[in-house]
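Quick notes on the structure that follows.
When reading the values below, keep in mind they use all heavy atoms of this one structure, side chains included, and skip hydrogens, waters and symmetry mates. Keep in mind that this is a model prediction, so the values were computed, not measured. We name chains A, B, ... by the order of the sequence lines, and we start the count at 1 in each one.
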Amino acid sequence: MNKLAPDFLLPIPPIFSFRECLWFLDRNYDDIMHRVTETSVTKPFRVGKKVALLEISEEEGKLLVQFRGGDLVEENDLREQVIALFDLGANLAPFYERLKADDELAFMAKEFFGLRLIGIPDLFEAICWSIIGQQINLSFAYSLKRRIVELAGEKITYDDHVFHAFPTPARVVALTVEQLRPLQFSGRKAEYLIGVANAFESGEISKAQLLALPTTEAMVQRLTSLRGVGEWTAHYSLMKSLKVPTSVPYGDVGLYNALAALKKLPKRPSRTELASVFAPFQGHEAYLTLYLWRSLAVR
DNA sequence: TCCCAGGGGCATC
DNA sequence: GATGCCCATGGG
């Protein structure tokens with residue numbers, strides 16, 4: 001039976017660290033999309049037009065998911081959302097085998113043990129977030145996200161704290177460039193965001209539509225047809241939202257910095273040089289990218 | 001002050 | 001298809 005919105009438990013797969021995932025969610029950045037404590041994360045999840053606020057913690061080897069407010073949503077849909085957030089469906093064993101076989105990268109299997117690809121299940125949010133993050137430093141990117149979410153996102157209050165869901169395409173379509181400029185969005189970013197929202201509203205793009213495409217290449221092509229979405233944004237979105245395991249955000253500065261530090265690659269590596277590092281990780285490129293990003297941060 | 005940031009579009013050759 | 005320029009602003 002599919003119950004409505006009470007608490008439930010999710011089994012934890014092998015090679016999973018809740019602590020490591022929480023650390024990644026927090027990372028010293030001011031992320032408005034969730035609240036992280038030592039032992040839990042509280043976050044709104046969107047299912048269709050509904051938004052449910054969930055608190056997730058670890059309890060006796062399982063994830064405990066508790067309903068904290070918002071709309072009542074089918075439990076199965078919520079399970080799916082939480083599984084997507086922590087990428088619980090992935091089997092990391094093959095990726096770890098490859099990591100351990102690499103002299104310079106083997107340390108990551110131990111130091112970042114159990115880190116999962118933290119997802120952005122909502123494709124619209126994933127694309128917007130990557131557009132916001134283009135070419136500006138991360139802390140500024142988080143401030144911009146906070147401002148647009150506070151302006152247009154849905155709000156749920158719980159425990160004297162206001163939680164925000166990322167605005168729907170319909171809400172972003174209603175915004176204007178003139179509204180976003182004072183929030184320090186560049187004119188270009190504002191245009192891109194509203195344009196992408198229009199594409200979702202008109203049905204020009206959707207997650208289901210992308211999932212139906214036969215190849216990653218076709219998905220990238222579809223995404224890059226949107227103004228403001230280049231190769232980097234397309235791959236980043238595929239990685240975070242659709243969990244495409246082979247996607248690598250080519251051109252990513254952070255990725256290059258990590259490879260320069262660990263693999264002595266040039267600051268601007270060629271496609272060939274990148275390929276040489278990624279070759280042994282075929283089928284696990286997204287996870288290698290995630291762990292390389294992770295290596296940039298000091299705990 | 002200068003350079004860089006989890007890029008992308010566009011013109012030009 | 002490669003290269004150069006522009007966009008915009010916080011952070012170091």
Side-chain angles (χ1 to χ4, degrees), chain A residues 23-33 108 112 115 117-120 123 125-148 166 176-199 205 217 219-244 247-263 265-275 277-278 285-298:
Chain A
W23 177 88
F24 193 84
L25 280 166
D26 215 18
R27 275 193 298 168
N28 302 321
Y29 289 115
D30 176 34
D31 195 330
I32 190 175
M33 302 311 301
M108 301 201 289
F112 313 147
L115 172 63
L117 181 44
I118 303 300
I120 305 177
L123 178 65
E125 177 184 343
I127 296 176
C128 288
W129 172 228
S130 43
I131 288 174
I132 290 171
Q134 288 169 2
Q135 192 55 22
I136 55 176
N137 65 67
L138 267 181
S139 47
F140 184 41
Y142 278 102
S143 330
L144 290 182
K145 181 167 78 167
R146 168 174 288 278
R147 289 172 197 159
I148 190 172
F166 196 83
T176 62
V177 173
E178 292 69 34
Q179 260 177 298
L180 292 175
R181 282 293 292 131
L183 305 186
Q184 291 182 291
F185 283 77
S186 65
R188 206 86 84 182
K189 264 193 213 304
E191 286 170 21
Y192 293 166
L193 293 174
I194 295 168
V196 168
N198 266 303
I205 186 115
E217 202 172 294
M219 297 183 193
V220 171
Q221 201 167 23
R222 173 65 60 86
L223 285 168
T224 51
S225 72
L226 300 169
R227 191 158 176 270
V229 178
E231 192 181 24
W232 178 86
T233 305
H235 280 283
Y236 184 90
S237 304
L238 287 178
M239 175 179 170
K240 294 289 274 190
S241 194
L242 276 66
K243 302 292 180 66
V244 173
S247 53
V248 178
Y250 296 101
D252 185 87
V253 178
L255 176 63
Y256 294 169
N257 287 341
L259 288 174
L262 297 174
K263 284 291 192 180
L265 254 52
K267 206 169 176 194
R268 267 204 180 153
S270 68
R271 207 69 167 217
T272 319
E273 287 166 319
L274 280 176
V277 175
F278 277 91
E285 289 89 340
Y287 260 94
L288 180 56
T289 301
L290 171 70
Y291 274 58
L292 287 168
W293 280 337
R294 175 66 182 83
S295 75
L296 291 168
V298 186

Q) Under the side chain to side chain donor-acceptor pair (under 3.5 Å) rule, what pairs show up with a residue in residues 248-258 of chain A, not counting sequence neighbours? A) A:Trp232-A:Asp252, A:Asp252-A:Trp293
**Q.** Residue from A:Ile120, A:Val229, A:Leu193 passing side-chain contact (heavy atoms from CB on, under 4.5 Å) with A:Ile127
**A.** A:Val229
Q. A:Lys240 and A:Ile118: which non-hydrogen atoms are nearest, and at how many Å?
A. NZ-O, 2.7 Å
Q) In whole Å, what is the span from the NE2 atom of A:His235 to the P atom of B:dG7? A) 14 Å
Q) Atom CG of A:Asp252 and atom P of B:dC4: how far apart are they, to the nearest Å? A) 16 Å
Q: Measure the distance from NZ on A:Lys267 to P on B:dC3 and round it to the nearest whole Å.
A: 12 Å
Q. Partners of A:Tyr29 by ring pair (Phe, Tyr, Trp, His ring centres under 6.0 Å), sequence neighbours excluded?
A. A:Tyr142
Q. Just by protein heavy atoms under 4.0 Å, how would nucleotides 6-12 of chain C read 5' to 3' in B, S and -?
A. -SBSBS-
Q | Nucleotide-level pairing of DNA chain C, given in dot-bracket where Watson-Crick and G-U pairs need both distances under 3.5 Å and | marks other strands | A | |||||||.||||
Q | Partners passing side chain to side chain contact (heavy atoms under 4.5 Å, CB included) against A:Gln221 (at least two apart in sequence or in another chain) | A | none
Q.
Assess the residue pair A:Leu292 and A:Met108 against the criterion (side-chain contact (heavy atoms from CB on, under 4.5 Å)); give the C-alpha distance rounded to whole Å, side-chain angles, the decisive distance to 0.1 Å, and a yes or no.
A. CA-CA 8 Å; A:Leu292 287 168; A:Met108 301 201 289; 4.1 Å; yes
Q) How many Å lie between CD on A:Glu231 and P on B:dG9, as a whole number? A) 11 Å
(Q) Applying side chain to side chain contact (heavy atoms under 4.5 Å, CB included), can you list everything that pairs with A:Lys243, at least two apart in sequence or on another chain? (A) A:Asp87, A:Leu117
Q) CG of A:Leu223 versus C1' of B:dG8: gap in Å, rounded? A) 14 Å
Q: Provide the closest heavy-atom pair for A:Arg181 versus A:Ser186 in the form atom of the first, atom of the second, distance.
A: NH1-CA, 3.6 Å
Q: Under 4.0 Å between any heavy atoms, over every strand shown, what does A:Arg27 touch: base, sugar-phosphate, or nothing? Just pick one.
A: base
Q) What is the distance, rounded to the nearest whole Å, between atom CG of A:Leu226 and atom P of B:dG7? A) 19 Å
Q: Using the six-membered ring of A:Tyr192, assess whether NZ or CZ of A:Arg188 lies under 6.0 Å from its centre and within 45 degrees of the ring axis.
A: no
(Q) Please compare A:Tyr142 and A:Thr224 by the position of their nearest nucleotide in DNA chain B and report the one closer to 5'. (A) A:Tyr142
